[in-house]
Amino acid sequence: MDVPTEEHLLYSQRPEWADVLPLEQYENITPLAPIFYTDEYKDATNYFRGIVKSGEMTPRVLELTEDIIRQNPGHYSAWQYRYKTLMALKCPLDDELKLMDELAVKHLKTYQVWHHRRLLVQQTRNPGPELEFIANSLQNDMKNYHTWSYRQWILAYFNDDELWSHELDFVESMLEADVRNNSAWHHRFFIAFQSGVRNGDQDRDAIVRRELAFVKERIAVAPNNASAWNYLRGILDHAKTPYSELQAFVKPYSLPQPPFGTPPEVVDLEDPLPSKEAQLPCVAAIEFMADIYEAAGSNDLMKATELWRSLANEHDTIRRR
């Protein structure tokens, strides 16, 4: 028979843990629907409850909490007690961040991993390497909410000009990789409109013009991209600009693809036309035009009604109701 190594022994089998009184989760009760854990997890968490009750904060507690976290990365109490132990022992937090480099990528969708990382960086006061770590993490899941949220927290919490200096370039590279990445569009709106005003961005009208030009170009490339149309609406709502001011740009996207003959003599760079490959009419553009006509009221209400009816009966039947 194979003799288990110390690494795989239960804590109840390890002499160095003999001084800890383990506490059962279901002590003196019989639950109606108990959760069935592995023997390894039950054993580790029994000893965890024991050390929490005694208040122990030693290196072996870090060993125990890491073991539990690897088995269940969502164990909030294990993360919290681990952080308190790290602080009590004055451990080098760079070593802990290296462990987080592994665990964050492995468990991208676990809140506790990212919360723990925030606590560590608040202590190290060294946010610089985090942007590169986040960029690498996003290669595994380009739309992961927790990763993008953590990036916004880093930028806002430390609010350092150097951290912000390449952020537009970063988000543009993400949209070049996937123009439909809604998380990247949301991050761009955060940079442009929701994170304060930085040096060089004081002319807010110029920022609005820049963002309108950017989103129009992306719509021209991929007209049926809901994220870009939502971004366009967001800019106009933020700037309190009537949708009707974009009618010249939007209307060609709401019509069937015209036959392409001789290119127009004058190309309107402010209102780029759909590409030849575009699948038209675009649902988002029809809805945009309907909103324009509805806001105008009076005689234009009939035009709005016709557009809503075309969406319901032909172009966007899945949302008919």
Side-chain angles (χ1 to χ4, degrees), residues 1-124 126 129-130 133-134 136-137 140-141 144-147 149-150 153:
M1 293 178 63
D2 292 334
V3 177
T5 63
E6 183 172 337
E7 182 181 354
H8 295 96
L9 284 174
L10 298 177
Y11 290 90
S12 58
Q13 298 171 324
R14 302 183 191 185
E16 67 273 23
W17 286 88
D19 60 313
V20 177
L21 178 64
L23 297 178
E24 296 281 344
Q25 180 175 6
Y26 301 124
E27 192 171 18
N28 300 321
I29 62 171
T30 305
L32 180 63
I35 300 173
F36 291 99
Y37 301 112
T38 64
D39 290 340
E40 291 78 10
Y41 186 74
K42 283 169 58 178
D43 174 73
T45 52
N46 287 346
Y47 276 80
F48 175 68
R49 282 185 284 272
I51 62 101
V52 170
K53 184 174 182 179
S54 69
E56 178 182 341
M57 292 184 180
T58 62
R60 70 176 180 178
V61 170
L62 298 178
E63 172 198 344
L64 175 62
T65 52
E66 181 180 343
D67 185 10
I68 293 171
I69 286 165
R70 287 187 180 279
Q71 294 184 66
N72 175 14
H75 196 303
Y76 178 83
S77 298
W79 281 111
Q80 190 69 7
Y81 201 80
R82 180 179 182 83
Y83 176 73
K84 290 180 178 179
T85 304
L86 288 166
M87 295 298 101
L89 297 178
K90 294 182 171 54
C91 294
L93 298 184
D94 288 343
D95 292 343
E96 184 74 0
L97 280 169
K98 289 178 183 176
L99 176 63
M100 291 303 98
D101 289 351
E102 174 200 343
L103 294 179
V105 173
K106 191 175 181 180
H107 304 292
L108 280 174
K109 296 185 178 181
T110 303
Y111 285 96
Q112 289 77 12
V113 174
W114 296 102
H115 178 69
H116 188 70
R117 195 172 187 105
R118 286 191 188 193
L119 294 176
L120 298 175
V121 177
Q122 282 177 328
Q123 294 294 329
T124 64
N126 183 26
E130 295 302 288
F133 165 76
I134 294 165
N136 292 333
S137 298
N140 293 285
D141 183 351
N144 183 261
Y145 167 79
H146 305 294
T147 316
S149 178
Y150 180 64
W153 176 81

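For the single chain, residues carry numbers from 1 onward in sequence order.
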Student: Mind checking whether Trp114 and Phe133 have parallel, tilted or perpendicular rings, split at 30° and 60°?
Tutor: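 Tilted, since the angle between the ring planes falls between 30° and 60°.
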
Student: State, yes or no, whether a side-chain contact exists between Glu130 and Arg117 at a heavy-atom distance under 4.5 Å.
Tutor: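 Yes - at least one pair of side-chain heavy atoms lies under 4.5 Å apart.
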
Student: Rounded to the nearest 0.5 Å, how far apart are CG of Asn144 and OG of Ser149?
Tutor: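 Between atom CG of Asn144 and atom OG of Ser149 there are 9.5 Å.
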
Student: For residues His115 and Thr110, determine if any side-chain heavy atom of one lies less than 4.5 Å from a side-chain heavy atom of the other.
Tutor: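 No, too far: nothing below the 4.5 Å cut-off.
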
Student: Tell me which pairs pass salt bridge (Lys or Arg N to Asp or Glu O under 4.0 Å) where either residue lies in residues 38-59, with sequence neighbours left out.
Tutor: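 Listed once each, the pairs are Glu56-Arg60.
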
Student: Can you list every ring pair (Phe, Tyr, Trp, His ring centres under 6.0 Å) pair that touches residues 50-74, not counting sequence neighbours?
Tutor: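 Applying ring pair (Phe, Tyr, Trp, His ring centres under 6.0 Å) to every pair that reaches into residues 50-74, excluding sequence neighbours, yields nothing.
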
Student: Which heavy atom in Thr58 sits nearest to a heavy atom in Leu89, and how many Å separate them?
Tutor: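 Scanning both residues completely, I find the closest heavy atoms to be C-CD1, 3.6 Å.
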
Student: Please tell me if the side chains of Tyr150 and Ser137 come closer than 4.5 Å, counting only heavy atoms from C-beta onward.
Tutor: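 Contact flag for Tyr150/Ser137 side chains = no.
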
Student: Taking the side chain as everything from C-beta on, heavy atoms only, tell me whether Tyr37 gets closer than 4.5 Å to Thr45.
Tutor: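 They are not in side-chain contact.
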
Student: To the nearest 0.5 Å, tell me how far Leu120 CG sits from Leu99 CG.
Tutor: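 So the CG of Leu120 and the CG of Leu99 are separated by 9.5 Å.
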
Student: Rounded to the nearest 0.5 Å, what's the gap from CG on Leu119 to CG on Leu93? Could you check?
Tutor: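 Rounded to the nearest 0.5 Å, the CG-CG separation comes to 10.5 Å.
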
Student: On a heavy-atom basis, which atom in Tyr47 and which in Ser12 lie closest, and how many Å separate them?
Tutor: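 The answer is OH-CA, 3.1 Å.
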
Student: Can you give the donor-acceptor pairs under 3.5 Å from side chains of residues 64-75 to other protein atoms, not counting sequence neighbours?
Tutor:
| unit_1 | atom_1 | unit_2 | atom_2 | d |
| --- | --- | --- | --- | --- |
| Thr65 | OG1 | Val61 | O | 2.9 |
| Thr65 | OG1 | Leu62 | O | 3.1 |
| Thr65 | OG1 | Arg82 | NH1 | 3.0 |
| Glu66 | OE2 | Arg70 | NE | 3.0 |
| Glu66 | OE2 | Arg70 | NH2 | 3.1 |
| Asp67 | OD1 | Gln71 | NE2 | 3.1 |
| Asp67 | OD2 | Tyr11 | OH | 2.8 |
| Arg70 | NH1 | Glu102 | OE2 | 2.7 |
| Arg70 | NH2 | Glu102 | OE1 | 3.1 |
| Arg70 | NH2 | Glu102 | OE2 | 3.4 |
| Gln71 | OE1 | Tyr41 | N | 3.3 |
| Asn72 | OD1 | Gly74 | N | 3.1 |
| Asn72 | ND2 | Tyr41 | OH | 3.0 |
| His75 | ND1 | Ala78 | N | 3.1 |

Student: Just wondering, do Leu9 and Trp17 contact through their side chains at under 4.5 Å, heavy atoms?
Tutor: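 Answer no - side chains too far apart.
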
Student: Using distance alone, with no hydrogens and no angle criterion, decide if His116 and Glu96 have a side-chain donor and acceptor under 3.5 Å apart.
Tutor: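 The answer is yes; a qualifying pair exists.
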
Student: Could you check whether atom OH of Tyr145 has more than 12 heavy atoms from other residues, nucleotides or ligands sitting under 6.0 Å from it?
Tutor: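 Atom OH in Tyr145 is not packed in, count stays at 12 or less.
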
Student: Just so I know, are the side chains of Thr147 and Asn140 near enough to count as touching, which here means a heavy-atom distance under 4.5 Å?
Tutor: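 They are not in contact (no side-chain heavy atoms under 4.5 Å apart), so the answer is no.
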
Student: Using 0.5 Å steps for rounding, measure from the CD1 atom of Ile51 to the CG atom of Asp19.
Tutor: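 Reported to 0.5 Å precision, the distance equals 11.5 Å.
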
Student: If you look at every heavy atom in Asn46 and Gln25, which pair is closest and at what distance?
Tutor: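 Shortest heavy-atom contact: OD1-N, 3.8 Å.
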
